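Letters go in sequence order (proteins before strands), and every chain restarts at 1. Note: hydrogens, waters and symmetry copies are ignored here, and every other heavy atom, side chains too, is used. Computed from a predicted structure; not experimentally measured.
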There are 2 protein chains.
Amino acid sequence: MNQTRVTAADIAKKLNISRITVDRVLNNRGLVSEETKRRVLEMVKELGYQPNRAAKHLAKKTKCCIGVSYIFPDWFRVQIEQGIQRAFSELKDFGAEIILLNAPHSAEGQMEQIKEVLPKLDALAIDPWLPAPLSGFIDELVDGGLPVATFNIDVPTSKRLFYVGCNYIQSGRLCGELITKFSSSPGKVGIITTNDNLTHLEQRIMGFREVLSDVSDLKIIEPLKISETDERESIDLIKRFITENPELVALYHDCSNLFLSGVAIKETANVGKIKLIGMDMNDMHYQLIQENVVQAVVCQEPYFQGYLPIKLLFNYVAEGEWPEKTEVSTRLEVVIRENIQYYHNYQPMM
Amino acid sequence: MNQTRVTAADIAKKLNISRITVDRVLNNRGLVSEETKRRVLEMVKELGYQPNRAAKHLAKKTKCCIGVSYIFPDWFRVQIEQGIQRAFSELKDFGAEIILLNAPHSAEGQMEQIKEVLPKLDALAIDPWLPAPLSGFIDELVDGGLPVATFNIDVPTSKRLFYVGCNYIQSGRLCGELITKFSSSPGKVGIITTNDNLTHLEQRIMGFREVLSDVSDLKIIEPLKISETDERESIDLIKRFITENPELVALYHDCSNLFLSGVAIKETANVGKIKLIGMDMNDMHYQLIQENVVQAVVCQEPYFQGYLPIKLLFNYVAEGEWPEKTEVSTRLEVVIRENIQYYHNYQPMM
DNA sequence: CTGAAAGCGCTTACAG
DNA sequence: CTGAAAGCGCTTACAG
């Protein structure tokens with residue numbers, strides 16, 4: 001990290017050839033004799049030459065326009081967009097442009113919106129609203145020469161280049177461990193999930209069951225499926241679920257609207273008695289943790305989920321670098337009262 | 001994030017003046033009439049001009065050499081150095097150089113080593129072995145015109161520019177919360193600390209006590225001070241501590257060598273019965289968590305502690321940007337068995 | 001107060 | 001197969 005700067009011109013001078021020839025070797029453009037090539041590469045090694053990316057993109061007039069399509073509630077979207085913004089500020093001097101596509105709530109709407117800007121795009125990062133109908137669409141784009149990455153939710157069956165997001169099975173396992181560590185036993189454990197039958201939520205529950213199955217004195221009750229739209233009805237369903245199961249010591253709320261379970265626990269006077277674990281951080285979750293209604297939430301680096309796809313796609317398109325992995329798992333973070341300050345309204349400095 | 005590129009030349013052309021004059025306004029170099037200045041700034045706003053950092057540093061031939069001085073056990077050092085490496089790879093094309101100073105284990109040694117490379121340095125990031133004797137040294141450097149940042153451990157009384165590292169009181173509080181959440185009560189809680197009387201460890205204990213004082217049925221025993229060098233003696237001390245306190249339900253090991261408490265708990269057949277909480281991640285801690293000897297450790301983003309000081313010092317020296325805060329708290333992260341994979345041998349992709 | 005010239009380290013036509 | 005020329009967006013002397 002400490003050597004004096006070596007340039008392609010230095011190498012050319014040492015070898016008494018032109019810098020253009022050196023450039024041809026460095027970039028594998030061919031049209032160089034084997035002998036010259038060998039001598040250049042030797043000198044590159046000897047002097048520890050490393051190309052200057054700043055100069056490269058400046059000369060190249062790199063232009064790389066990345067579209068980012070997603071469908072998130074505002075509180076999650078904000079964190080994603082901060083990560084995107086960060087990636088942009090790192091890459092804009094190298095020629096990156098970004099088009100944010102805050103998509104409507106349907107697979108068709110999401111696809112339409114992408115099609116509209118398609119001619120401008122050099123790459124696409126997509127959070128697929130529904131994996132199934134988007135799989136074919138992604139394949140079309142890739143076949144048409146557009147690199148596509150998924151984030152937050154994967155479409156592993158598609159031709160996407162890579163995925164960045166949480167490992168859903170593991171997130172269920174982690175919540176399972178939290179509940180076994182927090183709960184007094186013996187007792188029963190409930191799962192509150194959505195009635196939408198989403199694959200990633202099924203994976204969470206699978207992971208959760210795996211961990212709980214090792215704990216003999218905590219029994220899982222059949223999951224309660226709620227609607228995330230009709231709030232009052234859902235709260236009543238959860239309340240009934242609680243009163244019908246007096247041995248309940250913990251609830252795992254695996255979908256959005258954790259506050260529904262929070263209200264149910266408050267209204268049945270079970271705060272602190274029934275441990276409640278959920279996912280992700282927002283103002284409401286912050287409040288519920290302060291009140292000890294929720295004991296912990298698990299976060300999944302939303303900021304990084306916005307940041308990394310942009311960086312990797314740019315490296316792929318503009319630098320020709322393949323991503324090291326096709327699946328990048330974001331960290332699963334345990335957030336409780338005494339570290340919540342690092343996850344709520346968190347503004348990473350850099 | 002989507003506008004076509006605007007250059008200083010564009011502004012000059014629009015206003016029928018030279019690009020040099022535009023440059024003078026943009027960089028506040030003076031020697032420009034008020035009227036011209038006003039017109040330039042207006043056009044900057046209108047066109048949404050943003051300077052290109054890559055071109056700037058290229059032309060400027062920026063050279064910014066940052067020294068990083070630290071004293072860490074290998075497993076922590078590796079993580080710090082990964083963060084430094086990342087910062088270097090982002091900044092090397094802009095003219096950054098880095099000198100790693102893996103210091104000997106004494107304040108004098110650390111100062112000597114820095115003095116040797118002092119003439120080369122444009123900035124210094126330092127993890128102070130002992131804050132007290134280094135405070136004056138840091139002030140001398142700053143008075144001599146060298147910006148200095150502290151990381152991992154702060155010297156708040158010095159003239160250092162900023163600090164990046166964990167909030168020690170908060171880390172004690174977080175461990176306190178974990179112990180109250182994990183322990184069966186009523187019972188007693190022990191603290192294992194070093195006999196070195198280090199300020200930051202006192203802060204940890206302070207935070208820990210604050211949280212425990214709210215829990216009436218968990219009582220803290222007077223901390224046990226051990227030597228971190230004589231391992232066998234320390235283990236025996238901890239074992240005696242355990243057997244003398246049969247009501248013990250949890251141990252908070254706040255210094256390095258968490259495994260000493262681990263061995264003591266194993267040898268007294270208390271695995272899982274006495275909850276054990278410690279700090280940081282390494283191979284040994286990984287193993288102890290797998291064995292359920294340790295229930296959780298708290299991490300403090302060592303990678304980021306290496307990365308951020310470099311970035312902020314570079315921005316300060318080479319871009320004239322002041323850090324937003326003088327104290328940046330790294331995240332305090334709860335690591336248990338089901339999310340340990342994200343903290344052990346963690347290789348951040350970017 | 002203002003601007004023309006040369007250069008940072010690279011690439012892209014173009015000419016031999 | 002090899003190289004001279006012009007340019008990316010900026011800064012740094014230098015000349016007016």
Side-chain angles (χ1 to χ4, degrees), chain A residues 3-41 43-44 47-64 91-97 317-320, chain B residues 3-41 43-44 47-64 91-97 317-320:
Chain A
Q3 46 206 308
T4 48
R5 222 183 291 204
V6 180
T7 71
D10 295 335
I11 292 175
K13 194 179 283 174
K14 282 247 181 189
L15 296 174
N16 249 318
I17 56 175
S18 88
R19 59 175 59 176
I20 295 121
T21 304
V22 174
D23 192 62
R24 273 195 269 263
V25 175
L26 293 173
N27 293 286
N28 271 315
R29 284 194 245 282
L31 299 175
V32 185
S33 74
E34 275 307 311
E35 170 62 8
T36 317
K37 188 172 172 181
R38 199 191 48 71
R39 291 173 61 216
V40 169
L41 289 177
M43 193 55 74
V44 162
L47 301 181
Y49 168 80
Q50 292 197 299
N52 184 314
R53 289 173 77 206
K56 182 175 194 157
H57 289 299
L58 195 59
K60 253 191 159 161
K61 295 174 237 180
T62 299
K63 235 182 167 185
C64 175
L91 296 175
K92 69 176 178 347
D93 296 322
F94 293 165
E97 284 173 28
V317 173
E319 317 244 9
Chain B
Q3 48 205 305
T4 48
R5 222 183 290 204
V6 181
T7 72
D10 295 335
I11 294 175
K13 193 178 281 177
K14 280 247 183 192
L15 296 174
N16 247 318
I17 58 177
S18 89
R19 60 175 59 176
I20 295 120
T21 304
V22 173
D23 191 63
R24 273 195 269 265
V25 175
L26 293 173
N27 292 286
N28 271 315
R29 284 193 244 280
L31 298 174
V32 184
S33 75
E34 276 307 312
E35 169 62 7
T36 317
K37 188 172 171 179
R38 199 189 49 69
R39 288 174 61 216
V40 170
L41 290 178
M43 193 55 73
V44 163
L47 301 182
Y49 169 79
Q50 291 197 301
N52 183 313
R53 291 172 76 207
K56 183 176 194 157
H57 289 298
L58 194 60
K60 252 190 159 162
K61 295 174 238 181
T62 299
K63 235 186 167 180
C64 176
L91 296 174
K92 70 176 180 341
D93 296 322
F94 294 165
E97 282 172 29
V317 172
E319 316 244 10

Side chain of [X] only, please: which of [options] is the nearest?
| X | options | value |
| --- | --- | --- |
| A/Ala59 | C/dC8, D/dG7, D/dC10 | D/dG7 |
| B/Ile17 | C/dG3, D/dT12, D/dG7 | C/dG3 |
| A/Thr7 | C/dG3, C/dC10, D/dC10 | C/dC10 |
| A/Ile20 | C/dT12, D/dG9, D/dG7 | C/dT12 |
| A/Thr36 | D/dT2, C/dG9, C/dC10 | D/dT2 |
| B/Arg19 | C/dG3, D/dC10, C/dT12 | D/dC10 |

Donor-acceptor pair under 3.5 Å: do we get one between A/Arg24's side chain and the base of D/dG3?
yes
Answer with base, sugar-phosphate or nothing: what part of the nucleic acid does A/Asp93 contact at a heavy-atom distance below 4.0 Å?
nothing
Specify the separation, in whole Å, of atom [atom1] of [X] and atom [atom2] of [N].
| X | N | atom1 | atom2 | answer |
| --- | --- | --- | --- | --- |
| B/Leu58 | C/dA6 | CG | C1' | 14 Å |
| A/Tyr49 | C/dG9 | OH | C1' | 8 Å |
| A/Arg39 | D/dT2 | CZ | C1' | 13 Å |
| A/Leu15 | D/dG3 | CG | C1' | 15 Å |

Heavy-atom neighbours of A/Lys37 NZ exceed 12 at 6.0 Å
no
Inspect the surroundings of NZ in A/Lys92 and state if more than 12 heavy atoms from other residues, nucleotides or ligands are less than 6.0 Å away.
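Counting neighbours around NZ of A/Lys92, more than 12 heavy atoms of other residues, nucleotides or ligands fall under 6.0 Å, so yes.
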Looking at [X], I'd like to know whether one of its side-chain N or O atoms comes within less than 4.0 Å of OP1 or OP2 on [N].
| X | N | answer |
| --- | --- | --- |
| A/Ser33 | D/dT2 | yes |
| A/Ser18 | D/dA4 | no |
| B/Thr21 | C/dC1 | no |

Please work out the stems of DNA chain D from pairs that are Watson-Crick or G-U wobble with both distances under 3.5 Å, keeping only runs of three or more consecutive pairs.
C:1-3 with D:14-16, C:5-12 with D:5-12, C:14-16 with D:1-3
